[in-house]
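Okay, so here's the structure we're looking at.
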Amino acid sequence: MSNQNLLHVYILENDPDYLAFLCNTVRRHISFEEWPAKIEITTTSPDALISNIDQETANDSIFFLGFGFTNSSKDGVDVALAIRKRSLYADIIFITGHIEKALTILSHKIAPLDLITKDSLAAVDSLVRDDIAYSLQRLRARKLISPRLFSYRKGSKIISFSLNEIIYIQTISGKNRALELHLESETIHFSSSLKDLTLKYPTLFRCHKSILLNPLHVVSLNTSERFAYMDNHERLEVSFRKMVTLRQILR
């Protein structure tokens with residue numbers, strides 16, 4: 001099970017010294033706060049940043065973008081538009097010493113998270129920290145509600161993985177709100193209720209009062225004895241009332 005809650009950081013700035021300042025600022029906050037974030041690239045080249053965007057993690061990324069670049073005909077808006085073609089969820093922060101340039105953003109559907117002016121280094125440091133913290137909050141919220149991902153809390157952490165990995169979830173007898181999650185590669189105990197999960201993840205099927213299964217992993221049904229045979233070689237009990245519905249789903 002992979003950790004899909006990592007925030008990927010991209011930094012683009014024309015001035016090498018200011019680029020180093022932004023990189024050190026981001027790295028320091030990530031280390032001090034122990035945030036699940038990673039700097040992917042820091043560059044003065046718009047083309048280099050665009051070519052290094054990972055399509056698979058673009059939605060889980062934050063971009064700090066300058067405006068003008070001496071080594072490219074592209075400006076910050078061009079880069080932002082290229083990012084938006086890859087992701088509607090990536091967070092974009094513009095950093096500029098010329099506030100009037102920010103007006104060009106209004107004519108494009110970029111929806112940046114923030115616009116930081118190059119005032120004092122201390123002020124920029126604080127704003128960069130706040131933007132990363134907010135981006136992480138947005139990322140966690142998306143993971144909790146994404147219909148393609150299953151998420152649960154473990155202490156202060158949110159663990160997420162593909163819904164397709166789930167074989168079934170069952171209650172633990174004698175324990176309130178205690179569930180056992182069966183994946184292709186492991187079994188996990190966590191706290192929730194089948195009722196809540198049934199509402200939250202409609203692609204999972206409540207086949208029994210104590211079992212929520214993933215129809216993708218059903219190999220066959222025994223309708224007379226009311227069992228669902230799963231591809232991990234387990235069989236799950238199916239209630240009489242649920243058998244007809246499950247058969248229809250599998251068809």
Side-chain angles (χ1 to χ4, degrees), residues 4-33 35-143 146:
Q4 300 184 42
N5 299 302
L6 186 69
L7 181 67
H8 303 267
V9 183
Y10 296 78
I11 306 174
L12 174 66
E13 165 59 36
N14 184 59
D15 182 349
D17 291 335
Y18 205 85
L19 177 65
F21 159 69
L22 290 174
C23 180
N24 292 333
T25 298
V26 171
R27 184 175 289 113
R28 186 179 72 256
H29 288 307
I30 290 175
S31 176
F32 181 78
E33 303 286 351
W35 280 331
K38 175 186 177 184
I39 297 177
E40 297 294 345
I41 184 174
T42 63
T43 181
T44 60
S45 168
D47 292 317
L49 183 136
I50 293 171
S51 64
N52 277 276
I53 298 173
D54 186 340
Q55 186 64 52
E56 292 186 1
T57 61
N59 285 341
D60 305 340
S61 300
I62 183 172
F63 295 83
F64 292 94
L65 306 178
F67 263 85
F69 299 91
T70 56
N71 60 353
S72 175
S73 60
K74 294 184 176 70
D75 62 14
V77 172
D78 295 323
V79 177
L81 290 172
I83 293 168
R84 278 288 171 257
K85 289 182 179 179
R86 292 164 170 79
S87 171
L88 295 176
Y89 298 102
D91 286 324
I92 297 173
I93 293 91
F94 288 105
I95 301 179
T96 179
H98 305 283
I99 192 63
E100 63 275 9
K101 290 185 177 181
L103 296 177
T104 61
I105 301 172
L106 300 178
S107 60
H108 300 85
K109 297 180 180 179
I110 296 173
L113 175 66
D114 199 1
L115 171 65
I116 299 176
T117 57
K118 292 180 179 179
D119 296 325
S120 70
L121 295 183
V124 173
D125 182 294
S126 178
L127 290 170
V128 166
R129 181 208 171 279
D130 291 345
D131 285 337
I132 296 174
Y134 185 62
S135 187
L136 279 166
Q137 290 178 8
R138 284 161 51 88
L139 172 58
R140 292 178 186 127
R142 287 199 303 274
K143 297 303 184 183
S146 171

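Numbers here simply count residues along the sequence, with the first being 1.
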ask   = So does Lys118 pair up with Glu13, basic N to acidic O under 4.0 Å?
value =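 Looking at Lys118 and Glu13, the cut-off is met.
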request  = Just do the side chain to side chain contact (heavy atoms under 4.5 Å, CB included) check on Trp35 and Leu7 with the steps written out, would you?
outcome  = CA-CA 9 Å; Trp35 280 331; Leu7 181 67; over 6 Å; no
Show the nearest heavy-atom pair for residues [X] and [Y], with the distance to one decimal.
X     : Y      : result
Thr43 : Ala48  : OG1-CB, 3.8 Å
Ala90 : Ser87  : N-OG, 2.9 Å
Leu6  : Ala37  : CD1-N, 3.5 Å
Phe67 : Leu115 : CE1-CD1, 4.4 Å
Phe21 : Val124 : CE2-CG1, 3.8 Å
Leu12 : Pro46  : CD1-N, 3.7 Å

Between [atom1] of [X] and [atom2] of [Y], what distance do you get to the nearest 0.5 Å?
X      : Y      : atom1 : atom2 : result
Ile62  : Leu136 : CD1   : CG    : 8.0 Å
Arg129 : Arg28  : CZ    : CZ    : 11.0 Å
Ile53  : Leu49  : CD1   : CG    : 5.5 Å

message = Which residues pass the side chain to side chain contact (heavy atoms under 4.5 Å, CB included) test with Ile39, not counting sequence neighbours?
response =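 For Ile39 the side chain to side chain contact (heavy atoms under 4.5 Å, CB included) partners, ignoring immediate neighbours, are Val9, Cys23, Val26, Arg27, Ile30, Thr42.
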Under 3.5 Å donor-acceptor, [X] side chain and [Y] backbone:
X      : Y      : answer
Ser120 : Ala123 : yes
Arg86  : Ala82  : yes
Ser61  : Thr57  : yes
Asn24  : Ala20  : yes
Asp78  : Asp75  : yes

request  = Determine whether the side chains of Ser45 and Asn71 contain a donor N or O and an acceptor N or O closer than 3.5 Å.
outcome  =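 Absent: no donor and acceptor within the cut-off.
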key: Pair Thr44, Asn14: side-chain N/O donor-acceptor within cut-off below 3.5 Å   =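 Asn14 and Thr44 do not have a side-chain donor-acceptor pair below 3.5 Å.
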inquiry  = Quick one, Asp131 and Ile116 - any side-chain contact, counting heavy atoms below 4.5 Å?
reply    =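 Asp131 vs Ile116: side chains touch.
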task = Determine, using ring centers only, whether Tyr10 and Phe64 are less than 6.0 Å apart.
result =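 Centroid distance Phe64-Tyr10: not below 6.0 Å, so no.
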